[in-house]
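Starting from 1, each residue takes its place in the sequence as its number.
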Amino acid sequence: MNKKLFGLMLLMFALAGSVLAQESMESSKPTDADKMANFENTKVIKRGEAIGKADKASLKKVLADPAKYSGKTVLVEGVIVRSCKMEGCWLELAPNKDAKSMRVKMKGHSFFVPLDSAGLNAKVEGTVSVKTLTKDYVDHLIEDGAKIDKRNADGTVTEVSFEASGVELTKSSSNK
């Protein structure tokens with residue numbers, strides 16, 4: 001009986017540790033290294049989980065028919081038109097620098113992209129959704145440098161969103 005109780009206590013401690021680890025991961029803060037793009041020793045900057053497991057989808061097609069991809073995990077490619085200037089916790093990805101973009105948030109706020117990511121090419125793997133953002137969250141995004149094209153009458157915004165599990169950044173041919 002004592003062995004069973006001891007085993008149960010060990011299991012409870014392990015589960016508690018797992019919950020605490022997840023909570024700390026979701027409230028991560030970027031380091032100075034996270035905030036900078038450094039291509040000196042590499043051609044690709046990788047953040048988050050390894051990518052390449054999901055089906056590839058055209059970013060242009062995702063933006064044209066987001067409902068078709070909503071809830072699906074896909075790999076898309078594009079150019080970063082802007083990113084969060086405070087932490088690097090989101091970026092806006094477009095098929096090209098002059099096209100419509102979608103906001104990409106880093107899953108669980110557990111990894112970050114460099115603050116000067118605009119102009120870099122990105123491969124991003126994650127889940128597509130269509131969301132209505134609260135007025136307060138929209139105001140926060142604008143403070144962090146986001147461009148908001150069309151607000152609803154109540155200050156909210158409905159947008160195509162993407163939660164990235166992993167990101168790979170490369171220099172575009174124009175900034176190599």
Asks: Quick one, K171 with K43, criterion side-chain contact (heavy atoms from CB on, under 4.5 Å). Give me CA distance, side-chain angles, the key distance, then yes/no.
Replies: CA-CA 8 Å; K171 288 185 179 183; K43 292 182 180 186; over 6 Å; no
Asks: Taking NZ in K53 as the centre, count heavy atoms belonging to other residues, nucleotides or ligands within less than 6.0 Å. Is the count above 12?
Replies: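 Atom NZ in K53 is packed in, count exceeds 12.
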Asks: Report, one line per pair, each donor and acceptor closer than 3.5 Å where one atom sits in a side chain of residues 64-73; sequence neighbours left out.
Replies:
unit_1	atom_1	unit_2	atom_2	d
K72	NZ	K68	O	3.3
T73	OG1	T127	OG1	3.3

Asks: Say whether, by atom type as modelled, one donor and one acceptor occur between the side chain of N96 and the main chain of A99 under 3.5 angstrom.
Replies: yes
Asks: Verify side-chain contact (heavy atoms from CB on, under 4.5 Å) between V167 and I51, making sure each step is shown before the conclusion.
Replies: CA-CA 7 Å; V167 176; I51 66 172; over 6 Å; no
Asks: Would you compute the distance between atom CH2 of W90 and atom CD1 of I80 and round it to the nearest 0.5 angstrom?
Replies: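 Those atoms lie 11.0 Å apart.
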Asks: Check whether any side-chain N or O of E125 sits under 3.5 Å from a backbone N or O of G52 as a donor-acceptor pair, and report yes or no.
Replies: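 Pair found, side chain donor or acceptor close to backbone of G52.
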Asks: When you measure from the side chain of S161 to the backbone of S129, do you find a donor-acceptor pair of N or O atoms at a distance under 3.5 Å?
Replies: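 Pair absent, no side-chain N/O of S161 close to backbone of S129.
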Asks: Take D136 and T134 through the test side-chain hydrogen bond (donor to acceptor under 3.5 Å, both in side chains) and record every step on the way to the result.
Replies: CA-CA 5 Å; D136 290 341; T134 66; 5.5 Å; no
Asks: Do the non-hydrogen side-chain atoms of T156 and Y137 ever get within less than 4.5 Å of each other?
Replies: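 No; the side chains remain at least 4.5 Å from each other.
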Asks: Are L63 and L91 grouped together when hydrophobic residues (ILVMFWY) are joined by side-chain heavy atoms under 4.5 angstrom apart?
Replies: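 L63 clusters together with L91.
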Asks: Rounded to the nearest 0.5 Å, what separates atom NZ in K85 from atom CG in D144?
Replies: 11.0 Å
Asks: For T42 and V44, indicate whether the former's side chain and the latter's backbone hold a donor-acceptor pair under 3.5 Å.
Replies: yes
Asks: Can you name the closest pair of heavy atoms from C84 and C89 and give their distance?
Replies: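 Between these two residues, the closest heavy atoms are CB-N, 3.7 Å.
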Asks: Might you point out which heavy atoms bring A94 and V81 nearest each other, and give the distance in Å?
Replies: CB-CG1, 4.0 Å
Asks: If every non-hydrogen atom of L115 is compared with every non-hydrogen atom of G88, which pair is closest and at what distance?
Replies: CD2-N, 3.3 Å
Asks: Roughly how far, to the nearest 0.5 Å, is CG of N152 from NZ of K150?
Replies: 7.5 Å
Asks: Might you work through the side-chain contact (heavy atoms from CB on, under 4.5 Å) test for K131 and V157, ending with a clear yes or no?
Replies: CA-CA 8 Å; K131 292 183 177 181; V157 170; over 6 Å; no
Asks: V113 versus M106: any side-chain heavy-atom pair under 4.5 Å?
Replies: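 Counting from C-beta outward, V113 and M106 do come under 4.5 Å.
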Asks: Under a 3.5 Å distance rule, please check whether R47 uses its side chain to pair with a backbone N or O of D34 as donor and acceptor.
Replies: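 Flag set: sc R47 to bb D34 pair under 3.5 Å.
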Asks: Quick one, L120 and T170 - any side-chain contact, counting heavy atoms below 4.5 Å?
Replies: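 No, too far: nothing below the 4.5 Å cut-off.
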Asks: Once rounded to the nearest 0.5 Å, what's the spacing between atom CD of E77 and atom NZ of K60?
Replies: 15.0 Å
Asks: So do F162 and V124 actually touch side chain to side chain, heavy atoms under 4.5 Å?
Replies: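 A side-chain contact under 4.5 Å exists here.
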Asks: Are the side chains of E49 and S165 in contact, using a 4.5 Å heavy-atom criterion?
Replies: yes
Asks: Strictly below 4.0 Å, N to O, side chains only: are R151 and D139 in salt-bridge contact?
Replies: yes
Asks: May I ask you to decide whether E92 forms a salt bridge with R82, counting only side-chain N to carboxylate O separations under 4.0 Å?
Replies: yes
Asks: I'd like to know if R103 pairs up with E159 as an ion pair, taking the criterion as any Lys NZ or Arg NE/NH1/NH2 lying under 4.0 Å from an Asp or Glu carboxylate oxygen.
Replies: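 Counted as a salt bridge, because a side-chain N and a carboxylate O are separated by less than 4.0 Å.
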Asks: Would you name the heavy atoms of L59 and G78 that are closest together and state the gap between them?
Replies: CD2-CA, 4.3 Å
Asks: Give the intermediate values and the outcome of side-chain contact (heavy atoms from CB on, under 4.5 Å) for residues N121 and L169.
Replies: CA-CA 6 Å; N121 291 326; L169 308 172; over 6 Å; no
Asks: Do K147 and D149 have side-chain heavy atoms sitting under 4.5 Å apart?
Replies: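 When only atoms from C-beta onward are counted, D149 and K147 do touch, with a gap below 4.5 Å.
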Asks: Could you see if L133 belongs to whatever hydrophobic cluster contains V160? Use Ile, Leu, Val, Met, Phe, Trp, Tyr and a side-chain cutoff under 4.5 Å.
Replies: no
Asks: Indicate yes or no: at least one non-hydrogen side-chain atom of S101 is less than 4.5 angstrom from one of L93.
Replies: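 With C-beta onward as the side chain, the pair stays apart.
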Asks: May I ask you to test the T158-V130 pair for a side-chain heavy-atom distance under 4.5 Å?
Replies: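 When only atoms from C-beta onward are counted, V130 and T158 do touch, with a gap below 4.5 Å.
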Asks: Are I45 and V76 connected in a single hydrophobic cluster, I mean Ile/Leu/Val/Met/Phe/Trp/Tyr linked by side-chain heavy atoms less than 4.5 Å apart?
Replies: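 Looking at the clustering, I45 is in the same group as V76.
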